[in-house]
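One-based numbering along the sequence shown.
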Amino acid sequence: MATMFTKMLILFVVMLLAFNKNSSGLTSNPKIRCIGKEKQALLKFKETLRDDGDSLSSWGSENDKNECCKWRGVKCNNHTGHVNVLNLSTWSLTGKISPSFLELQHLEYLDLSENNFGGDYTPIPNHHLGNVTSLQYLSLGGNYNLSGGNLEWLSYFPLLRHLDLSMVDLSEATNWLELVSDNLPLLEYLSLRDCYLPNQVPPTHPLNSSLYLTVVDLSNNDMSSLIPDTFGKMISIVHLNLAYNDFVGRIPKSFANLSRLESLELKWSHVTEQVAVVLDKLSRSEKSLQILNFDSNELSGTLPDFTRFSSLRELHLGGNKITGAFPKSFRQVLPNLVVLEFYGNKISGMLPDLTTFPLLTQLDLSNNSLNGTIHKSIGQLSKMEHLDTSLNSLEGIISESHFLNLSSLKYLDFSNNQLIFNISSSWIPPFQLDVIRLESCKLGPDFPEWLQNQNNFSKLDVSGAGISDDVPNWFWDLPPNLVNIDISNNQMKGLVPDLSSAVSLFKINLSSNSFTGQLPRFPSSLTVLDLSKNLFSGSISFICAVSSFMYVDLSSNQLSGGLPDCWEPFQSLQVLNLANNTLSGELPRSFGSFFNLKVLQLSNNNFSGKLSESLKNCPRLIIINFGGNRFTGKIQPWLGIRIPNLMILSIRSNKFYGDIPRDICLLNSLRVLDFSQNDLSGKLPRCFDNFSVLVQSDYSMKETADFAFFSTIYLGNVLVQWKGQERGYQRRLRLLKMIDFSSNKFSGEIPQEIASLSELVSLNLSRNDFTGKIVQNIDRMKMLESLDLSRNRLFGKIPPTLAALNFLSVLDLSNNNLSGKIPTSTQLQSFDASVYSGNAQLCGVPLLDKCPGEEQGGAPGNKKGIQEEDDEDWFTTSAFYISLCVGFACGFWAIFGTILFSSVSRYAWFKFLDKVADWLYVTTVVNFNRLKRRLRAKSALVKRQKLA
């Protein structure tokens with residue numbers, strides 16, 4: 001009987017499926033003609049769109065296009081002929097969505113995703129409410145110019161099972177969670193990714209649709225709140241993506257209810273919890289969880305046992321605060337693990353045996369504290385495609401065995417370790433790499449021959465690899481898809497051939513090698529070129545053929561000749577560094593065509609003539625360094641007017657003359673101002689308090705993104721006179737705040753406004769003709785480390801406020817007309833006497849010249865010192881120590897004997913000792929301090945006698 005019932009049930013199900021197939025009709029039936037009203041609605045819909053790809057060419061009213069059920073993207077019900085599917089996804093359509101499609105009252109499936117629809121859009125205008133209540137699938141995702149309003153229109157689609165509004169503007173939907181929950185009880189798929197959702201998420205609102213929801217994607221919305229407990233009540237949830245938000249705090253305990261969870265993504269949030277606790281809260285999904293992504297959070301603790309999550313395929317915990325070594329449980333097999341990412345933590349110890357993950361395709365352990373060697377067994381991971389252990393302290397030998405079976409490897413990054421490659425020149429790798437990053441690994445001294453067998457790489461970095469060989473000719477036969485090559489910081493030699501055929505190449509770094517010869521031709525697509533610190537010679541005329549440059553560094557070579565006059569097309573150029581060559585001549589007129597230029601380095605060449613007026617057309621410059629040339633003329637006011645964002649301006653060691661225009665003070669972002677070693681004259685402008693970065697500490701912290709970028713990675717040096725020496729600044733450039741007007745012909749008084757530069761680190765006004773007194777309120781320059789006012793005609797006393805500069809480590813006031821006593825302070829007396837030399841009327845320590853008051857009181861002082869010396873000699877005689885021993889013995893036994901044999905005496909003695917304890921302590925401290933003062937006085941007397 002049961003068997004008969006089962007057969008009948010199966011027959012009924014088959015018949016039902018057949019009926020559904022015939023009635024639903026998602027494919028066109030040639031016998032069914034579309035309904036005229038719906039055809040007209042579709043044509044009206046088309047009229048409002050721009051169809052550059054001709055995707056709607058099959059739509060029309062012509063005889064051969066009369067049947068709308070055969071139009072592309074349109075499907076009709078086989079039984080009724082009504083349009084029930086409209087799929088226009090990824091057709092590059094542009095325009096507004098016409099409400100005419102609402103006349104398709106039997107529409108069940110609508111997909112307009114990945115187009116360019118725009119404007120304010122509410123799918124159901126008021127006069128059509130309720131027309132399309134049968135809709136089950138709605139996808140408008142990827143239309144980033146589309147606005148979805150407040151989402152109240154969702155109430156007219158109660159049958160929706162799939163809703164994708166990703167990238168639609170939902171910033172007005174303040175109660176989106178309630179609207180979704182209350183109006184869509186059958187919803188299974190919800191994607192509101194990148195929708196500008198309102199900042200706060202209601203933490204406890206129950207979801208009526210939680211029984212059916214399996215996929216929820218709310219990523220990239222910048223929502224900042226605790227992770228709502230609501231998500232833990234979606235018992236049917238399978239995929240939950242909350243990544244790229246600002247969720248804070250801990251994982252709700254309700255997540256323990258998610259027994260069907262397969263993927264949980266919370267990357268780039270602020271989850272603060274121990275990893276082990278997170279896993280405990282996901283314990284009910286041990287059998288189902290496949291993807292766990294908590295990249296870039298604040299997870300802490302040590303690595304727990306992951307092996308209980310037996311279905312785990314991807315584990316992403318990079319960019320957290322995880323510490324400790326790999327646990328022993330990592331030796332157990334996770335047979336399904338494909339991706340393992342622990343980058344950017346503080347994991348220490350040695351690498352575990354990774355052969356327990358036989359399906360591993362991606363391993364990223366970069367930027368940790370791993371040490372020890374890489375075991376050869378890693379070469380057994382035949383599925384491995386991405387291998388990154390960079391930025392650790394790994395060491396040891398890398399041989400062919402490490403790559404034995406890595407035939408699938410595409411991405412290899414061992415950079416910034418202490419690894420030594422010991423590979424035969426005849427070795428043929430089993431892989432073809434796409435990315436090769438071996439920076440700071442030891443590959444040399446010979447050029448690695450195994451690279452000859454790599455024909456498909458797009459990125460190559462073997463910088464700092466200890467290669468001191470001639471580059472073989474085969475190397476320059478570059479792969480056609482190569483985009484980035486970095487072989488810098490080696491000692492490679494030879495000529496660089498014509499590379500103009502490498503059309504995909506956009507970045508080349510050959511710096512810090514020993515390449516010679518003329519500069520070669522490069523592809524016109526190149527954007528970054530660094531050939532600095534080589535031995536290239538000849539002209540730079542090649543540059544005219546590559547107008548796409550954004551970054552060019554040709555510094556520290558042997559280049560010569562003038563600059564070509566072909567700079568008009570270089571509208572993308574941001575950094576140009578030609579420093580430390582022998583280039584000459586005047587700047588061409590077209591040299592000022594760089595509207596986007598940020599850094600211009602021409603220092604230490606033989607350029608001459610006046611500054612080109614065309615530089616006024618470079619308003620975005622933040623660094624100008626023309627030092628060490630033969631430029632002449634006056635400093636032009638337009639430097640302060642037309643280039644307002646300058647942060648570093650150096651024209652040192654040229655032939656500029658005249659005074660400093662007041663307009664220079666308009667550069668309120670200035671950090672380095674170096675006009676030293678010129679023929680400038682006149683008085684300094686009294687407007688230095690306009691240099692906001694040098695005046696206000698809070699303003700100094702508001703560092704622009706441009707300066708933060710270029711001062712950190714900018715490879716050219718800014719030469720400055722710092723603490724008496726010429727130095728090149730690179731990595732610390734962003735910390736330097738200095739003014740250097742030394743070796744000119746400036747006159748007059750030092751402006752009082754200069755004391756307002758409280759953030760200034762170095763001030764050099766030496767070798768000029770300044771007169772007057774040192775500014776009295778110099779103590780306001782509280783960050784000053786270096787002050788040089790030497791070789792001027794300053795007079796008067798050194799202000800006592802100078803002693804308040806706590807960071808001052810370099811001082812030179814020599815060769816002026818200063819007078820009086822050097823202010824007394826530990827700091828000012830610690831400088832060498834040469835700091836104050838050449839001031840005839842200056843006196844006091846550390847100078848040998850005593851001040852008048854000190855000479856008059858010298859005799860009594862000396863007498864007292866001699867008396868103290870005699871008194872102190874008593875402490876160094878043998879009689880003192882004999883008396884000390886005898887007195888101690890007598891006193892000890894007199895007291896100890898009495899206490900030992902008499903209890904009354906013991907009580908009296910201890911009571912007496914208690915009363916005098918404080919007196920003894922105070923007396924001891926006072927006498928000890930008096931002795932120290934005497935010793936210091938004796939030392940000072942001996943020192944003065946030696947100086948005399």
**Beyond-backbone contact of Val528 with Asn509, side-chain heavy atoms, under 4.5 angstrom** = no
**Request:** Answer yes or no: is there a donor N or O on one side and an acceptor on the other, between the side chain of Thr527 and the main chain of Phe506, under 3.5 Å?
**Result:** yes
**Request:** Could you give me the CA-CA distance, side-chain angles and deciding distance for Lys321 and Lys346, then say whether side-chain contact (heavy atoms from CB on, under 4.5 Å) is met?
**Result:** CA-CA 6 Å; Lys321 300 177 180 179; Lys346 297 180 181 179; 5.9 Å; no
**Item:** Ser458-Asp434 side chain donor-acceptor pair, cut-off 3.5 Å
**Value:** yes
**Message:** What's the separation between atom CD in Glu314 and atom CD in Gln290, rounded to the nearest 0.5 Å?
**Reply:** 9.0 Å
**Prompt:** Less than 4.5 Å apart, any side-chain heavy atom of Phe549 and any of Leu526?
**Reply:** yes
**Message:** Please check this pair: side chain of Asn577 against backbone of Ser555, looking for a donor-acceptor N/O pair closer than 3.5 Å.
**Reply:** no
**Request:** Report yes if the side chains of Val599 and Tyr551 come closer than 4.5 Å at any heavy-atom pair, otherwise no.
**Result:** no
**Request:** Compare every heavy atom of Phe306 with every heavy atom of Leu334, then report the nearest pair and how far apart it is.
**Result:** CD2-O, 4.1 Å
**Request:** Check step by step if salt bridge (Lys or Arg N to Asp or Glu O under 4.0 Å) holds for Asp280 and Arg308.
**Result:** CA-CA 11 Å; Asp280 289 340; Arg308 53 182 167 146; 3.0 Å; yes
**Asked** Would you find a donor on one side and an acceptor on the other, under 3.5 Å apart, between the side chain of Ser440 and the backbone of Ser415?
**Response** no
**Item:** Asn297 side chain to Val271 backbone, donor-acceptor under 3.5 Å
**Value:** yes
**Asked** Can you name the nearest heavy-atom pair linking Leu213 to Tyr189, along with the distance?
**Response** CD2-N, 4.1 Å
**Prompt:** Which atom names give the shortest non-hydrogen contact between Asn345 and Gly318, and what distance separates them?
**Reply:** ND2-CA, 3.9 Å
**Message:** With heavy-atom distances below 4.5 Å as the criterion, would you say the side chains of Phe247 and Pro228 are in contact?
**Reply:** yes
**Asked** Can you list the residues that meet the side chain to side chain contact (heavy atoms under 4.5 Å, CB included) rule with Leu370, with sequence neighbours excluded?
**Response** Phe326, Ile347, Leu351, Leu365, Asn368, Asn392, Leu394
**Complete:** Taking every heavy atom of Leu289 against every heavy atom of Ser263, the minimum-distance pair comes out as CD1-N, 4.2 Å
**Complete:** Which of Arg437, His386, Gln362 passes side-chain hydrogen bond (donor to acceptor under 3.5 Å, both in side chains) with Tyr411? It is Arg437
**Asked** Quick one: NE2 on His402 to CZ on Phe421, what's the gap to the nearest 0.5 Å?
**Response** 9.0 Å
**Asp486/Asp530 under side-chain contact (heavy atoms from CB on, under 4.5 Å): CA gap, chis, key distance, verdict** = CA-CA 9 Å; Asp486 188 345; Asp530 191 347; over 6 Å; no
**Fill in**
Smallest heavy-atom separation, Ser382 atom then Ser407 atom, equals O-OG, 4.2 Å
**Any Leu363 side-chain heavy atom under 4.5 Å of Phe357 side chain** = no
**Request:** Could you tell me whether the side chain of Asn336 and the main chain of Leu312 form a donor-acceptor pair under 3.5 Å?
**Result:** no
**Message:** On a heavy-atom basis, which atom in Asp229 and which in Pro252 lie closest, and how many Å separate them?
**Reply:** OD1-CB, 3.6 Å
**Asked** So does Lys459 have more than 12 non-hydrogen atoms from other groups sitting under 6.0 Å from NZ?
**Response** no
**Message:** Between Asn513 and Ser511 (side chain of the first, backbone of the second, donor and acceptor by atom type, cut-off under 3.5 Å), is there such a pair?
**Reply:** yes
**Message:** Using only atom types and a distance under 3.5 Å, with no angle test, would you say the side chain of Asp388 pairs donor to acceptor with the backbone of Ser390?
**Reply:** yes
**Asked** Below 4.0 angstrom, N of the basic side chain to O of the carboxylate: do Arg161 and Glu188 qualify?
**Response** yes
**Message:** Can you pull out every salt bridge (Lys or Arg N to Asp or Glu O under 4.0 Å) where at least one residue sits in residues 289-299? Sequence neighbours excluded, please.
**Reply:** none
**Item:** Side chains of Lys267 and Ser296 in contact at under 4.5 Å (non-hydrogen atoms)
**Value:** no
Taking only distance into account, with no hydrogens and no angle test, what donor-acceptor pairs under 3.5 Å do side-chain atoms of residues 424-431 form with protein atoms, sequence neighbours excluded?
unit_1: Ser424; atom_1: OG; unit_2: Ser426; atom_2: N; d: 3.2
unit_1: Ser424; atom_1: OG; unit_2: Ser426; atom_2: OG; d: 2.9

**Item:** Close side-chain approach of His270 and Asp246, heavy atoms under 4.5 Å
**Value:** yes
**Request:** Starting at CD of Gln432, measure out to CG of Asn455 and round the result to the nearest 0.5 Å.
**Result:** 5.0 Å
Expected list for residues 462-483: side-chain donor-acceptor pairs under 3.5 angstrom, two or more places apart:
unit_1: Ser463; atom_1: OG; unit_2: Asp461; atom_2: OD1; d: 2.7
unit_1: Asp469; atom_1: OD2; unit_2: Phe447; atom_2: N; d: 3.2
unit_1: Asn481; atom_1: ND2; unit_2: Asn456; atom_2: O; d: 2.9

**Item:** Sequence neighbours excluded - salt bridge (Lys or Arg N to Asp or Glu O under 4.0 Å) pairs with any residue from residues 489-513
**Value:** Asp498-Arg521
**Prompt:** Judged by modelled atom types alone, do Glu385 and Ser408 share a side-chain donor-acceptor pair under 3.5 Å?
**Reply:** no
**Asked** Are a donor atom and an acceptor atom from the side chains of Ser512 and Ser488 found within less than 3.5 Å of each other?
**Response** no
**Prompt:** Would a distance-only check, ignoring hydrogens and angles, find a side-chain to backbone donor-acceptor pair under 3.5 Å from Asp305 to Pro327?
**Reply:** no
**Request:** Output, in order, the C-alpha distance, side-chain angles, deciding distance and verdict of side-chain contact (heavy atoms from CB on, under 4.5 Å) for Val435 and Asp413.
**Result:** CA-CA 8 Å; Val435 175; Asp413 191 346; over 6 Å; no
**Request:** First locate atom CD of Glu273, then atom CD1 of Ile227, and finally report the distance between them rounded to the nearest 0.5 Å.
**Result:** 8.5 Å
**Request:** Go through the structure and list residues passing side chain to side chain donor-acceptor pair (under 3.5 Å) with Thr355, not counting sequence neighbours.
**Result:** Asp353
**Prompt:** Backbone N or O of Tyr196 within a donor-acceptor pair of the Asn221 side chain at under 3.5 Å?
**Reply:** yes
**Message:** When you compare the side chain of Leu360 with that of Leu337, does any pair of heavy atoms fall below 4.5 Å?
**Reply:** yes
**Asked** Checking side chain to side chain contact (heavy atoms under 4.5 Å, CB included) against Leu192, which of Asp217, Leu170, Leu177 comes through?
**Response** Leu170
**Message:** If I take atom CD from residue Gln418 and atom CG from residue Asn371, how far apart are they, to the nearest 0.5 angstrom?
**Reply:** 10.0 Å
**Message:** Rounded to the nearest 0.5 Å, what separates atom CG in Asn220 from atom CG in Asp194?
**Reply:** 4.0 Å
**Request:** Using the side-chain contact (heavy atoms from CB on, under 4.5 Å) rule, take Leu303 and Val275 through it: C-alpha gap first, then chi angles, then the decisive distance, then the call.
**Result:** CA-CA 7 Å; Leu303 289 171; Val275 185; 5.7 Å; no
**Request:** May I ask you to decide if Val503's main-chain N or O and Ser525's side chain share a donor-acceptor pair within less than 3.5 Å?
**Result:** yes
**Message:** Can you confirm whether His375 is buried at NE2, in the sense that more than 12 heavy atoms of other residues, nucleotides or ligands lie under 6.0 Å from that atom?
**Reply:** no
